[in-house]
Amino acid sequence: MEGIKEEAIHHTALKLAEEIKNLSIYKSFYSDIQKLVSSPNVKKEDFKQTLQQAMKEKGLDTKLRNTVFHWVRTQSKQGKLDPLTSLLKASAQWEKRIHKSLNSMCSDLETSLAKIRVQSEQEELAEKWNELSTCNLDLSKYRPVYAPKDFLEVLLTLSGYVPYTREDEPKWEFAHLPLQVKTLDQLRKLYVEWSNGEPLLGVNPNMPSTVPGFATLEAERIGLGERVAALGYAPVIQEYLKKGSPQCLRAKLWSQVLGADVKSQQITYFNQLKKSVLEVDLMIDKLIFKDVQLTASNDDQYFVFEDMLYQVMLCFSRDCEVMQSLKGSIGNPLTVTIKGKQTSADSVTVFPPSGIIPFHGFTMYATPFCYLYDDPAQLYYTFRAFYIRYWHRLHYISTHPQGIVSLCLLYERLLEANEPLLWIHFRNININPIRVVFKWLMRAFSGHLPPDQLLLLWDAILGYDCLEILPLLALAILSFRKENIFQVNTLQNVDAVLADLSTISVIPLLQLALMKA
């Protein structure tokens, strides 16, 4: 048995070694190791021990460990083909619908999906790069390709939704889909620090800052965080984030745990993306401008970040590494012939290069990062890593346990099991409960919660490497406001009850939901 185990470890190690050679860090890492081997610190007579010690001293040991950590996480959560024919079919149909909508919009506007910008336009855009909000674009005829409510209608066809009639029982649960989701007891075991009522952020969440000892506890938490950040080992950082991060450390910890550190190689690539924005005019550039204007620019918390968001989202649309990282998880992208290309070999390309077509509200996945990073490149890489790890699952159809379909099912199961009176109330007034919270789930509460509370929620997503906290928080908010919900009987009025989340405190509310008998 031991021999079989050792052989399995050996094969995994060989596979890992080959995979590392394909990673972007390999060239610089290999170069650093070569320099280290040729240094006086590594002795030929004790090569293994002295090399390991030298790697620790230079921080290469931590870098290698983090690389393995991120590789293992990628392997364990890679998108696989869905076994459910209905989901595969629905996903393909939805993809065709989006592509048709894009092509139709191009025809209506008499424009193309992609074209080379004329030199004068390139120069003007380069000049205004840090003030893109001053660009005079006529966006009046551009419309979002789709909105969360459109995506929800597609998901409801998966669940077998039919409108309620008195002659028939309503059938709007996702329950018939053979997907496994957790119960509240299982969530308690997952979020054990929260369900045990342990102090988070180093303090009791209900303790006012004026209480004696608050400053000491906060300082201790920050001190621990500084040591964790200095260590730089991703699994330790992930564990630390389970109890939340102080604002002063969050930017560094997030980039470390996601492997999104920015070096010269990343800066060069970011500048290449910028160059692509300046040279090639994609039709979705207008959609990005429109989305920023409709969302972040109209939000009191985020409007000041408008220019940075344009830069980040435009570069994101050109990033082919996004599509490569999500291959098999996001369907098949469009292809387009770019006018102005010199050779036929270069004329056909993927549209957009990232493979991601933005929807109404897509920008809100990036806006909270503006509170953490002043540098567009660092913001970009942390946002991109977050998107590749988590956010893409919120707007693509799959059977993944962290995907939007499973999260909708989890929310319904939690609501029915733990708030049966609310569940019955929704049935009686013919409101599908998922309609009430879907916009929260699809945008991970961005634009709905105040930034400080949203960042605490996203700390937990990183700490537990899991999106199941989103439907749990949705349940907690409905439980908190259920008395008001009982007083209304239309979807419009329920939405009004839940519209303002500015007074919501994420940590105590989630702890109450988990500790509820």
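As the structure is a computational prediction, the values presented were derived from the model and not from experiment.
For Thr363 and Asp291, the side-chain atoms include at least one donor-acceptor pair closer than 3.5 Å. Side-chain N/O atoms of Trp254 and Tyr373 include no donor and acceptor closer than 3.5 Å.
Using a 4.5 Å cut-off on side-chain heavy atoms (C-beta onward), Lys252 and Val228 make no contact. Inter-residue side-chain proximity for Ser133 and Tyr310 is flagged as met; some heavy-atom pair is nearer than 4.5 Å. Counting only heavy atoms from C-beta outward, the side chains of Phe362 and Thr295 never approach each other to under 4.5 Å. Inter-residue side-chain proximity for Gln311 and Tyr380 is flagged as unmet; no heavy-atom pair is nearer than 4.5 Å. Gln378 is listed as a side-chain neighbour of Thr382, based on a closest heavy-atom distance under 4.5 Å.
Glu239 has a carboxylate O that lies under 4.0 Å from a charged side-chain N of Lys242, or vice versa, which qualifies the two as a salt bridge. Between Asp108 and Lys141 no salt bridge is recorded (no basic side-chain N to carboxylate O distance below 4.0 Å). Look at Arg318 and Asp285 and you find a salt bridge, because one of the NZ, NE, NH1 or NH2 atoms lies within 4.0 Å of a carboxylate O, short of that distance. One finds no salt bridge joining Asp138 and Lys286 here, because no Lys/Arg side-chain nitrogen approaches an Asp/Glu carboxylate oxygen to under 4.0 Å.
In this structure, Ser446 and Thr367 approach most closely via the heavy-atom pair OG-OG1, 3.6 Å. Pairing each heavy atom of Met283 with each of Cys106, the nearest pair is CE-SG, 3.6 Å. Ser245 and Tyr240 get closest at one heavy-atom pair: CA-CE2, 4.3 Å. Between Ser317 and Pro352 the shortest heavy-atom distance is O-CB, 3.6 Å. Of all heavy-atom pairs spanning Gln256 and Ala229, the tightest one is NE2-O, 2.9 Å. Between Phe351 and Pro333, the shortest heavy-atom distance links the atoms O-CB, 4.2 Å.
The structure places CD1 of Ile461 at 12.0 Å from CZ of Arg389, a figure rounded to the nearest 0.5 Å.
Sorted by first and then second residue, the salt bridge (charged side-chain N to carboxylate O under 4.0 Å, His left out) pairs with a member in residues 261-277 read Lys275-Glu279; sequence neighbours excluded.
Taking the six-membered ring where tryptophan is involved, the planes of Phe438 and Phe151 are tilted, since the angle between them lies from 30° to 60°. Between Tyr302 and Tyr371, the ring planes lie perpendicular to each other; the angle is over 60°, past the 30° to 60° tilted range.
Under the 6.0 Å cut-off for aromatic ring centres, His395 and Tyr387 qualify, their centroids lying closer than that. Residues Phe289 and Tyr142 keep their aromatic ring centres 6.0 Å or farther apart.
Among the candidates Phe445, Tyr365, Phe369, the single residue satisfying the ring pair (Phe, Tyr, Trp, His ring centres under 6.0 Å) test with Trp458 is Phe369.
For the pair Arg443 and Phe359, the cation does not sit on the ring face, since its NZ or CZ is not both under 6.0 Å from the ring centre and inside 45° of the axis.
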